[in-house]
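This report refers to the structure that appears directly beneath it.
Letters A, B, ... are given to chains in the order of the sequence lines, protein chains preceding strands, and every chain is numbered from 1.
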Amino acid sequence: MAQHGIDPTAPLTGEPTKKTKRKLAKELRTQLISFTFMIFLTTIAFISIASDAIPTGFAIPFILLLACIQVVLQLYVFMHLNERGNGWQNAMIWTGVLIAIPTVASLMLLLGIVKF
Amino acid sequence: MSYAKAQSKSAVWDWLTTVDHKKIGIMYLVAGAFFFALGGFEAILMRIQLMFPEASFLPAQTFNELLTMHGTTMIFLAAMPILFGLMNYIVPLQIGARDVAFPFLNSLGFWLFLFGGILLNLSWFFGGAPDAGWTAYVPLSSEYSGTGIDYYVLGLQISGAGTLIGGINFLVTIINMRAPGMSMMRMPLFTWSTFVASTLILFAFPALTIGLLLLMLERIFGATYFAVHAGGNVVIWQHLFWIFGHPEVYILILPAFGIFSEIISTFSKKRLFGYSAMVFATLLIGFLGFMVWAHHMFTVGMGPIANSIFAVATMAIAVPTGIKIFNWLFTMMGGRIQFTTANLFALGFIPSFVMGGVTGVMLATSAANYQFHDTYFVVAHFHYVIIGGVVLGIFGGAFYWWPRMFGYKLDEKLGKIFFWMFLFGFHLTFFVQHFLGLMGMPRRVASYLDGQGLNDMNFISTIGAFLMGVAFIIFVVNIFVSMKNRETSGDPWDGRTLEWTIPSPTPEYNFAQTPLVRDVDAYWHEKYEGDGKMKAAEPLGDIHMPNGSILPVIISIGLFISSFGFIYREHGVIWVAILGLAITFGAMFVRSIKEDHGYHIPVEEIKNDKGGK
């Protein structure tokens with residue numbers, strides 16, 4: 001019987017091309033910038049709670065907003081959702097978010113305690 | 001495993017270990033048909049009890065168990081598995097694939113469903129079936145029910161995992177396994193509706209899983225999510241259940257819509273009218289299906305603004321559904337309509353389903369809903385959409401694809417008798433229930449008093465149920481009587497889509513060569529623009545096949561065994577639960593470390609099948 005295909009688990013050999021090298025360097029730069037930015041966001045979140053500069057009523061939605069930014073950055077930069085060929089993954093994730101929002105909102109608000 | 005070894009299995013072992021989407025599809029159909037008959041039998045018992053006022057045919061407790069099991073069985077163990085069976089068999093053929101994306105998971109999904117279903121039904125023999133309705137509202141299900149609800153929670157949890165696995169499998173299959181040229185907008189409507197229904201499964205079933213988990217924690221470990229005396233809230237369950245429950249009815253109806261689109265287009269000898277509008281309407285129904293669940297809870301007391309929002313969103317669904325109805329009518333207009341049994345089901349579906357849709361809009365009117373809520377009006381409504389939509393779709397699909405799946409045509413004459421009897425019985429049963437509801441008869445009651453004007457219509461309703469039962473028996477007889485009508489051409493209906501391009505019976509590798517798709521209704525295009533045969537997208541060669549495996553059965557049996565340990569935890573048998581989980585995880589571990597490369601069907605075999613060309 002004929003040999004069927006090559007072993008996909010075999011380690012890669014040889015040097016990457018110039019194009020790949022440039023791409024990798026660019027990706028490294030983006031990731032470093034995002035990483036720094038995310039540490040900056042975390043610091044702000046920490047400071048806004050640790051110091052009493054911001055009233056609690058504002059601080060909670062504020063750090064939730066920062067958390068949302070971090071999640072999006074995490075997904076797009078570090079989990080490579082921004083790369084080509086991820087259209088379906090993007091569509092599915094955002095559909096899930098879109099469906100989760102009314103779910104969470106109703107479980108918080110529409111429990112019959114307060115009438116709307 | 002070699003090709004020769006894969007061919008030499010005994011029949012029983014072959015069916016237990018199969019990962020072939022066609023065999024799994026047939027197993028889904030057989031198991032689903034069994035549970036359908038069971039659920040129908042339960043319904044007839046209930047109708048006998050309600051035939052006369054203050055009848056004593058059944059005790060009230062048994063009646064409660066029957067109504068719970070009828071609903072649960074019909075939704076989870078009959079309608080969905082039968083649709084899954086059709087999807088499993090047909091979708092890979094319609095997109096020109098050799099199998100689903102994850103054949104092993106496909107098999108696991110089936111066995112999980114089957115053992116979940118068996119577990120649920122074993123409750124009849126061990127201390128009583130669940131009795132809190134298919135919705136299992138708390139606190140009735142958490143504080144006032146016996147072990148039946150434990151069977152309900154664990155049985156649905158296991159079969160729900162199977163459904164989720166199946167849904168994800170279809171999504172990946174449809175996204176990744178389409179033949180060259182088969183773009184998303186060239187997919188047959190049944191494949192499209194399977195895709196949207198699978199998306200709904202992906203997003204809706206986690207809500208059920210969480211709801212059942214909370215109920216399980218509450219019942220087994222004394223959690224207090226729903227216990228009002230401990231600060232819980234019973235409305236949480238209703239939200240979680242209906243966030244799952246409403247998309248669930250679209251999971252059922254969308255594939256039926258897809259089936260009708262195929263049937264109507266084939267038997268009108270016309271391309272489906274407004275293909276892109278149909279796809280868009282399907283997507284829109286799927287999306288809106290997630291935004292309307294609270295219309296099941298209008299009387300809970302969420303408040304007037306919340307009720308209004310959900311009422312308007314619900315009525316909005318009538319728009320894309322109307323688009324679909326008109327597109328079917330326009331597909332038929334000017335077509336050469338053939339009144340085959342399959343097409344009769346499609347034609348009977350349109351007025352029946354529209355009636356169910358209209359009562360749906362009535363129920364969506366939140367102010368009027370206070371009057372309709374929990375009456376027979378609701379029962380009439382959802383039986384009109386589910387029988388008039390899903391069940392007619394299943395039977396239409398069965399008559400349409402039967403030659404493809406089993407290699408023979410069902411008898412048309414018996415089929416037509418079956419259709420008319422079933423349709424007549426169905427309307428006789430449920431049309432009068434609208435009026436029973438408007439007169440104030442509550443649903444889920446085991447009896448009613450004499451002299452309230454309910455006697456005649458309940459009697460009529462029961463006669464209709466008997467007719468449906470007899471009709472189903474005729475269908476079963478038809479299956480056996482028709483076995484002699486061998487169908488060998490592979491294309492008995494002058495079909496339009498890829499599943500009719502392959503010889504009958506379907507070879508296990510489906511397509512000797514992956515076809516090249518050049519238009520919507522690919523086969524029809526080749527018949528009228530080409531030479532009547534599909535162009536091949538690859539040369540003839542060895543075909544890679546996955547190995548069969550017994551592990552899905554073992555994984556499912558492990559969960560089945562462990563459920564008993566949890567149900568009878570108070571009898572000190574928690575070790576049974578641990579043993580079952582050990583079996584499951586052990587089998588999963590074996591699956592993870594065992595290398596499994598499948599085998600190849602040699603090209604000579606494929607040439608033999610094609611008649612030695």
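Expressed to the nearest 0.5 Å, how far CD1 of I99(A) lies from CZ of F290(B) amounts to 4.0 Å. For the atom pair OG of S106(A) and CH2 of W242(B), the computed distance is 14.5 Å after rounding to the nearest 0.5 Å.
Among I175(B), T199(B), V300(B), L171(B), the residue making the largest number of heavy-atom pairs under 4.5 Å with chain A is I175(B).
Only the side chain of I243(B) has a heavy atom closer than 4.5 Å to any heavy atom of chain A. Looking at L109(A), there are no atoms closer than 4.5 Å to chain B (heavy atoms on both sides), in backbone or side chain. Only the side chain of M291(B) comes within contact range of chain A, with at least one heavy atom under 4.5 Å from a heavy atom of that chain. For I309(B), no part sits under 4.5 Å from any heavy atom of chain A, backbone or side chain.
Within the 4.5 Å cutoff, the side chain of P102(A) has heavy atoms near those of the W293(B) side chain. Using a 4.5 Å cut-off on side-chain heavy atoms (C-beta onward), V235(B) and L110(A) make no contact. Between L202(B) and T95(A), every side-chain heavy-atom pair lies at or beyond the 4.5 Å cut-off.
The backbone N or O of P304(B) lies less than 3.5 Å from no partner atom in the side chain of K115(A), so there is not a single donor-acceptor pair.
Heavy atoms of other residues, nucleotides or ligands lying less than 6.0 angstrom from CD1 of I39(A) number more than 12. No more than 12 heavy atoms of other residues, nucleotides or ligands sit less than 6.0 Å from atom CZ of F280(B). Within 6.0 Å of CZ on F35(A) lie no more than 12 heavy atoms contributed by other residues, nucleotides or ligands. Heavy-atom contacts from other residues, nucleotides or ligands closer than 6.0 Å to CZ of F116(A) number more than 12. The local environment of CE in M185(B) is crowded, with over 12 non-hydrogen atoms from other residues, nucleotides or ligands closer than 6.0 Å.
Between W88(A) and M184(B), the shortest heavy-atom contact is CH2-CE, 3.5 Å.
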